[in-house]
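Here is how names work: the chains are called A, B, and so on, in the same order as the sequence lines, proteins then strands, and each is numbered from 1.
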Amino acid sequence: MSSTLSNAVRPDDGVDPTMRPGRLRPRRDAQAPARRGRLGPALLILPALALALGIFAYPLAESMWRSIADPQPGVQNYQWFAASAANWAVLGRTLWVAFLSAVICLALAYPYAYFMTISGPRLRTALIVIVLIPFWTSLMIRSFAWIILLQDTGLANQVLSWMGLGPFHLIRNTTGILIGMVQVLLPFMVLPLYSAMKNVDLRLVQAAASLGARPIVAFTRVFVPLAMPGVVSGSLLVFIQALGFYITPALLGSPSQMLISQYIYVQVNGQLQWGRGSVLGVLLLVATLLLLGLLALLMRKSRRAAGDEGGLL
Amino acid sequence: MKHAAPTRTLLALYTAMVAFVLIAPTVVVIPLSFTDKASLTFPPSGWSTRWYENFFNDPAWTAAFGNSLTVALIVTVVATAAGTAAAVGVSKWSRKRMAKAAQMFLLAPIVVPSIILAIGVYAIFLRLQLLGTLPGFVLAHSVLAVPFVLVSVSAALAGFDDRLTTAAASLGADRWTTFRRVMLPLILPGVVSGALFAFVTSFDEVVLSIFIKSPYLETLPVKMYASVTRDTDPTIAAAATMIMLLTTVIIAVGLLSMRRKKIA
Amino acid sequence: MPDKTPGAGTRIDVKNVTKRYAKSTAVDDVSLSIEPGEFITLLGPSGSGKTTTLNLIAGFTELTHGSIEIDGQRVDHVPAHKRGLGVVFQHYALFPHMTVAENIAFPLQQRKTPKAAQAALVASVLQTVGLAGYQDRFPKELSGGQQQRVAFARAMVFNPRALLMDEPLGALDKNLREKLQLEIKRIHQDVGRTFVFVTHDQEEALILSDRIAIFNNGRIEQVGTSADLYERPASLFVARFMGESTVFKAQVSSNGSDWHMDFHGSTLHGPVTSTVPGKGALVLRPEQLRVAESRADAPAGSAAVPVQVIQNIYLGSGHKYELRLPDGSTGIVRTPLTERTSLRPGDSAYVHWPAHQGVLLEDNDLVSTT
Ligand SMILES: Nc1ncnc2c1ncn2[C@@H]1O[C@H](COP(=O)(O)OP(=O)(O)OP(=O)(O)O)[C@@H](O)[C@H]1O
Ligand SMILES: [Mg+2]
């Protein structure tokens, strides 16, 4: 018997069952699946929720707890962080590298995404596939490839020496980190940029021309402002991810110029300073969450400004 | 939009350069895996398949490869089941705010830098003696894989006409039959791509794995990580090439199967 | 630079222009001379090449063959921003990130108009389009009709050499359309500029235009005043596109001064005014025709064809008949109230008219109805 149907004809609960003796049983049957229907969806989420609680929330809470409880309760780990100039240097370097990554990604991705919007469907598909390829190839493989290419005797330096330059140290320093990081993060810049640009009504640029604007003016006064939400969200996305990167800096960077994620590893795995490592983790987490909040806010705002014409991402 | 020819050419050149930066580094690995020298110089001066032989003859490499496959396959099953169920749950839950909050929480693991998660998981696995165990790897990777399934299935569900379930119910199908016969076939592309993401996520995972490995159980990326930092042995290039091949095949199969579904 | 004196219009000559795309020819050997100060409308069905022609004039599209001249100067290779033409788009194309005032000031900034003069011009043009006080709104805070007015103001403010409009009223409801049609007509009379207007609504074309160019399949079928097109259509397509008509199709013969056709037993004839086609189509407007209950009721010497009544509709101002002609096609007759008949659907009757009336055209329909 269909529960929907019997629900629909079910009499009010107030009706005296003795007046309709035959109704008593079907009514109870009809109610049971209805109640399961209300709770069912929540039950479906449970397995994933349990996993996230046990292997995500609990470990994070453990880390935060350790930042004030290891080796003994108190704020000494935070004091340690604040007191040392070296710690601030790591933090500063991390922010700087993340900032540079975002800027370089933007410089590379803007023309790329723009070219995508003005090219034909086939070329555009090819360009999207090229952007997505890094998603398919493991981070390890790409970092490894960069080591090969950028090492002192690598292809990059060979090419440079033919041109009469170098050799330069391209890895085990910030340059190496930036090169590796930019390649890894480029898709996160290209995709939001492209999606913002393709939502720009190119007829507006045409309209600007009809009003006497030179191509460069039409581009800067009409296209660029309208594509700006893509720039903002792409840059924030790249910046946020760059902050917490571990593998690329660990393989292409230098132990003497650590970023915060490497520093966390050293504290926890090398020196068994769980509390200190956790403080660094908390800082990184707070920074990430704040920036994410900002991103969400800006996106909601620009979506509203665009009159809800689809999202940016 | 119209552009003067020189502008267009410049743009095209710049785009080509960026495209080169995006793919070139990955391609380098393939010829390198066929070098005949025991050094990581590029381009190679001679060719051989010895590093592939080396890979398959070295129990450390083959064990790591086997572990990675086992973990990734189990994670695919676990994460796809949990993620799909969660996506359906979120979309059906009548209390939209709660559903939204639950979804945000389930997505959080891919937003939080993995190094932070890694030290926490390390601490807990240490206590529970899960370090270097198969369940440990599966649990840790699943947490990172579920979000991808959730996103991809949710996207598929967004295009699913809810009246179809009502229609199926009116035709006498129970909930499970409705899911299996009506909803699942329609959201299958989302489920399949979620599963692919889950597999690749696990197969590629390094940061958490570095913390939770043991000398007795490590995955391929962990072994590669150690190899990159320690030795200059082209076996790693052979391993990398095979991983790329595997991922490409998986993605191609996934895309093809999805296209067939669309046509049918 | 455009002349500031009212009444000074710009001449636009489109000469043998063709625009080919990879898979189609959008505009095929079109020639059109637009007189200074004229209001000309490009009218035609969807896909007939109106927008493409307008875009070629505006400079948004490169032409394949031919040339375009503005005031006698070739502009084929002059980019859009240097042509000095104002364009109003069907989709308005207002910049969403600029206020009304900023939108309207945009073309003035491009022309380096002094700031103070800009403000004055913006205020005055807003006054003209009835939007004084709206200068600080963003486009999305305006109704469709208001947005349309802003688009119009923006295209007018820099005193362009000519104003091109592509279905500017297409997205508005009927009442608003009619109101804005009158406003556009008034503004055209006030400023005396050349206006080129695109629409696929023939009524709108009739209301607004000095002349109308009828487009079909990438070609211009005829250019002329409304009366030209209605009374002297140059082709069957124009006759059918401009208003209602009844068409009698048959083989035509000619003795030099008169032509004859045998339309299913009825002899139709008229004076020869141009080349006589082999397969002819005689076109009559509903007002030219009358209906009679018998052949005898038709005046002597008039042309008459037996028909069957499909509908006899009372319209208040008169009657409208729908008739079935002997070849199966439909005829339409409008008569004044004074000529009442008692014909009902299904009745046999005669449609008649003074024998010299009607326009004889070539029957170039691909499928003949006979
Ligand atoms: N960019 C283009 N690429 C290819 N074909 C085009 C392009 N623009 C227009 N066409 C084709 O050219 C023909 C004329 O198009 P056009 O836009 O000029 O028609 P229109 O008369 O303005 O029609 P409508 O009343 O629907 O706006 C159409 O068949 C159209 O498909
Ligand atoms: Mg058009």
Side-chain angles (χ1 to χ4, degrees), chain A residues 2 4 38 40-45 47-49 51-52 55-56 58-60 62-63 66 108 111-112 114-115 118 127 130-131 133-134 136-142 144-149 153-155 183 186 202 205 243-244 246-247 251 261 264-265 268 274 277-278 281 284-285 288 292, chain B residues 1 3 11-12 14-15 18-19 21-23 25-26 28-29 32 40-42 82-83 85-86 88-90 92-94 102 105-106 108-109 111-117 119-121 123-124 139-140 142-143 146 169-170 172 200 204 206-207 221 224-225 228-229 236 240 243-244 247-248 251:
Chain A
S2 151
T4 327
R38 255 176 277 131
L43 288 178
L44 284 171
I45 305 177
L49 211 56
L51 192 65
I55 317 292
F56 171 70
Y58 177 32
L60 278 197
E62 169 89 17
S63 274
R66 285 194 181 208
L108 292 177
Y112 187 95
Y114 182 67
F115 191 70
I118 61 166
L127 291 172
I130 288 173
V131 167
I133 281 177
W136 299 351
T137 43
S138 107
L139 203 60
M140 269 309 307
I141 298 179
R142 280 185 288 159
F144 166 64
W146 280 121
I147 295 178
I148 310 292
L149 289 175
T153 57
L155 194 61
Q183 194 230 355
L186 209 45
L202 290 185
V205 182
L243 277 185
Y246 175 67
I247 295 298
L251 291 177
S261 51
I264 293 175
Y265 182 88
V268 171
W274 285 88
S278 300
L284 178 55
L285 184 64
T288 306
L292 273 174
Chain B
M1 215 183 321
H3 280 283
L11 261 175
Y14 196 90
T15 303
V18 175
V21 170
L22 280 168
I23 40 180
T26 327
V28 161
V29 175
L32 195 66
L40 294 170
T41 351
F42 187 89
V88 174
V90 164
K92 291 244 150 151
W93 204 356
S94 48
F105 176 65
L106 291 177
V111 184
V112 169
S114 21
I115 186 83
I116 306 178
L117 186 54
I119 55 172
V121 169
I124 285 163
L139 285 173
S142 295
V143 156
V146 164
S170 78
V200 174
D204 263 359
V206 207
V207 181
M224 288 172 71
Y225 184 81
V228 170
T229 42
I236 183 178
I243 294 179
M244 279 199 290
T247 351
T248 310
I251 286 163

What part of A:L127 is in contact with chain B, defined as an atom under 4.5 angstrom from a non-hydrogen atom: side chain, backbone, both or neither? side chain
Highest number of heavy-atom pairs under 4.5 Å with chain A: which of B:V112, B:T41, B:V200? B:V112
If you compare all heavy atoms of B:I116 against all heavy atoms of A:S63, which two are closest, and at what distance to 0.1 Å? O-OG, 4.1 Å
Minimum heavy-atom separation for B:L11 and A:P111, please, with both atom names. CD2-O, 3.8 Å
I'd like to check A:L108 versus B:Y14 (side-chain heavy atoms, cut-off strictly below 4.5 Å). Are they in contact? yes
Answer key: most heavy-atom pairs under 4.5 Å with chain A among B:A86, B:G120, B:A240, B:P109 is B:P109
Nearest heavy atoms of B:I119 and A:W274, plus distance in Å: O-CZ3, 3.3 Å
From CD1 (A:I130) to CG (B:L22), nearest 0.5 Å: 7.5 Å
Identify which part of A:L49 has an atom lying under 4.5 Å from any heavy atom of chain B, answering side chain, backbone, both or neither. both
Taking every non-hydrogen pair under 4.5 Å, which of A:Y265, A:Y246, A:F144 racks up the most with chain B? A:F144
With rounding to the nearest 0.5 angstrom, report the CG to CD1 distance, A:L60 to B:I124. 9.0 Å
One option among A:T153, A:L149, A:V131 has the most heavy-atom pairs under 4.5 Å with chain B, and it is A:L149
Exercise: identify the closest heavy-atom pair between B:V146 and A:A48: CG1-CB, 4.2 Å
Give, as side chain, backbone, both or neither, the part of B:V228 having an atom under 4.5 angstrom from any heavy atom of chain A. side chain
Exercise: identify the closest heavy-atom pair between B:P221 and A:M140: O-CG, 4.0 Å
Give, for atom CG of A:L43 and atom NZ of B:K92, the distance between the pair rounded to the nearest 0.5 Å. 14.0 Å
Most heavy-atom pairs under 4.5 angstrom with chain B, which of A:G277, A:S261, A:G244, A:P59? A:P59
Flag the one option from A:I141, A:L155, A:L186 with the top tally of heavy-atom pairs under 4.5 Å to chain B. A:I141
Pick one of side chain, backbone, both or neither for A:I55, based on which atoms fall under 4.5 Å of a heavy atom in chain B. both
Chain B contact via A:L284 - which portion, at a heavy-atom distance below 4.5 Å: both
Okay, B:Y225 and chain A: the region with an atom under 4.5 Å from a heavy atom over there is both
A:Q183 portion near chain B, given a 4.5 angstrom heavy-atom threshold: both
Could you tell me whether the side chain of A:I247 reaches within less than 4.5 Å of the side chain of B:V207, counting heavy atoms only? yes
Quick one, B:V18 with A:F115, criterion side-chain contact (heavy atoms from CB on, under 4.5 Å). Give me CA distance, side-chain angles, the key distance, then yes/no. CA-CA 11 Å; B:V18 175; A:F115 191 70; over 6 Å; no
Which atoms of B:V21 come close to chain A, meaning under 4.5 Å heavy atom to heavy atom: side chain ones, backbone ones, both, or neither? both
Need one label for B:V29: side chain, backbone, both or neither, based on atoms under 4.5 Å from any heavy atom in chain A. side chain
Measure B:T247 against the heavy atoms of chain A and call it side chain, backbone, both or neither at under 4.5 Å. side chain
State, with a plain yes or no, whether a side-chain heavy atom of A:I45 is found less than 4.5 Å away from one of B:F105. no
In terms of heavy-atom pairs under 4.5 Å with chain B, which of A:S138, A:G281, A:G154 leads? A:S138
